[in-house]
2 protein chains.
Amino acid sequence: MVQNMAARRADMADRLGRSAFELFAREGLEGANLDEIAAHAGVTKGSLYWHYGSRQELVLAACNHYYRRWQRQVHAVLAPLTDPMARLRRALDFSVRSCVADPANRRFTTGLFALMQSDAAVRSSWFQFYDTVREFYLGLVAAAKAAGVFPPGDARPRVDLMLEAMEGLKLRAAFEPHIADPDEQAAVAAGLLEVVVGRPGSHTVQYGGKPAASRRGAKGGGA
Amino acid sequence: MVQNMAARRADMADRLGRSAFELFAREGLEGANLDEIAAHAGVTKGSLYWHYGSRQELVLAACNHYYRRWQRQVHAVLAPLTDPMARLRRALDFSVRSCVADPANRRFTTGLFALMQSDAAVRSSWFQFYDTVREFYLGLVAAAKAAGVFPPGDARPRVDLMLEAMEGLKLRAAFEPHIADPDEQAAVAAGLLEVVVGRPGSHTVQYGGKPAASRRGAKGGGA
DNA sequence: TCTGGACCATACCGATCGGTACGCGGGGGA
DNA sequence: TCCCCCGCGTACCGATCGGTATGGTCCAGA
């Protein structure tokens, strides 16, 4: 019974964190207030301030919810795949789609980046998440390398560059919505793959029979 | 005298726009209020609402100030250079430095990106600026191409990718400040240059003291 | 000199919102 | 059965801030 109480307590705290994330993602970090967050979780502000001491704590809880959701989603997306290069492609496709075709994701993360500039707690929270994402992609690249793909040089700056481009892509998707078109998404994902593992043909690659329907490969400039 | 009045009017409007940009860059778009913006310009809110009809108009004025300032700065930085490749390198260095070593720049732009998600006027304003920046870099790449550098494929997606990485770099600099170190800045700029014009040695290049083995010879750019 | 309007200061309003004080019900332990 | 405290609701406070109403001042033109 005592663990039942503890479970109910943790459950409500989690519900409040999820509610905060959903409303922050829908109305922005500055747009959603604590009353509607509590109402969206089925309680009132009294309960909210019982579980969280301040608004900032709730923001960090929403961040943790976002991080865990990302890990669950990317794990679910990669679960049925075993080929390292296919897993890398799929991960990039998923990330690109999340960035360009999910306005809620954009609203939440852009609000976080704005808050991050003057909030050290949010900064370090996001930094830990970014580090896990980077290590995740480094693992994918290492697996691809072990499977016969040989990207030149060190993988870490390439993954960093790819992740920077991914975040910049998320920003650009806000004012150039045409990059959410499926073919544009594929082209962008191909470009990011190229950033990570190098240009196809410039070194030994083995990945899939898919001829990469990217217009980037048109190469009509010289010939 | 009538143009004197008009000049004074435009001058005060510009002072207010500049004051808004400075305080938005110092305290964030949500952190600065209209009273201190007016006080920083030497007037009060009554004058502010005479020149601008709402807070959003003032934000757009601050944006225009930011855009013009960027163009002035980049023009001043590139003015003494004539070699196309050196101009491209210098532009990238300047942009990277602005992104990673200028917290005020980061605060302003991140606030803009957050606001952009729910403000169409800010979106289109930034889109126009982004387009001018893209065309500017496309011009630099075209000049380099005419001078003997042959990046593979179309330059436009490469410039887009570079600008996306630049914005992502700005975000990352907030929570990984070590990339503001001079050597890291140089490495990042080199990576962005590689994104735009390709890897040195993988095609014909002529820039600064790095004599690449030209395999395909001088194949005149557009001719 | 008179007048009107541009320009700006002052004072104020009202809505919003984070945070707090306090009361209450209900479940678990003695 | 009694009591205690956890979890939560209700009501409220106070500060902030965008926006407005109003009046004053100075200059240009008639």
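Taking a cutoff of 4.0 Å between a charged side-chain nitrogen and a carboxylate oxygen, B:D160 and B:R134 qualify as a salt bridge. At a threshold of 4.0 Å, the pair A:R158-A:E194 does not count as salt-bridged, since none of the basic side-chain nitrogens sits closer than that to a carboxylate oxygen. Classification of B:E22 and B:R26 as a salt-bridged pair fails, no side-chain N sitting under 4.0 Å from a carboxylate O.
A straight line from CZ of A:R15 to P of D:dG7 spans 15 Å, rounded to a whole angstrom. Counting to the nearest Å, the C1' atom of D:dC17 and the CG atom of B:L48 are 13 Å from each other. Look at OH on A:Y52: it is 13 Å from P on D:dG7, rounded to the nearest Å.
Within the 4.0 Å cut-off from OP1 or OP2 of D:dC8, at least one side-chain nitrogen or oxygen of A:H51 is found. Contact annotation: A:W50 side-chain N/O to D:dC8 OP1/OP2 distance is not under 4.0 Å.
Closest non-hydrogen pair, A:K170 versus A:C99, comes out as CE-SG, 3.6 Å. Closest approach of A:E164 and B:L169 over heavy atoms only: OE2-CD1, 3.6 Å. Residue B:V100 comes nearest to B:R106 through the heavy atom pair O-NH1, 3.2 Å, listed as atom of the first residue, atom of the second, then distance.
Across residues 16-43 of chain A, A:N33, A:L34 each have a non-hydrogen atom less than 4.0 Å from an atom of DNA chain C (numbered order). Of all the residues in residues 54-66 of chain B, B:S54, B:R55 reach under 4.0 Å from DNA chain D with at least one non-hydrogen atom.
Distances were taken from every side-chain heavy atom of A:K45 (C-beta onward) to each of C:dG19, D:dG18, D:dC8; the shortest belongs to C:dG19. For B:Y49, counting side-chain heavy atoms from C-beta on, the closest listed nucleotide (D:dT20, D:dG9, C:dC8) is D:dT20.
With sequence neighbours excluded, the residues that form a ring-ring contact (aromatic ring centres under 6.0 Å, His included) with A:F129 are A:Y66, A:Y67, A:W70, A:W126.
A donor-acceptor contact shorter than 3.5 Å links the side chain of B:R123 to the backbone of B:M116.
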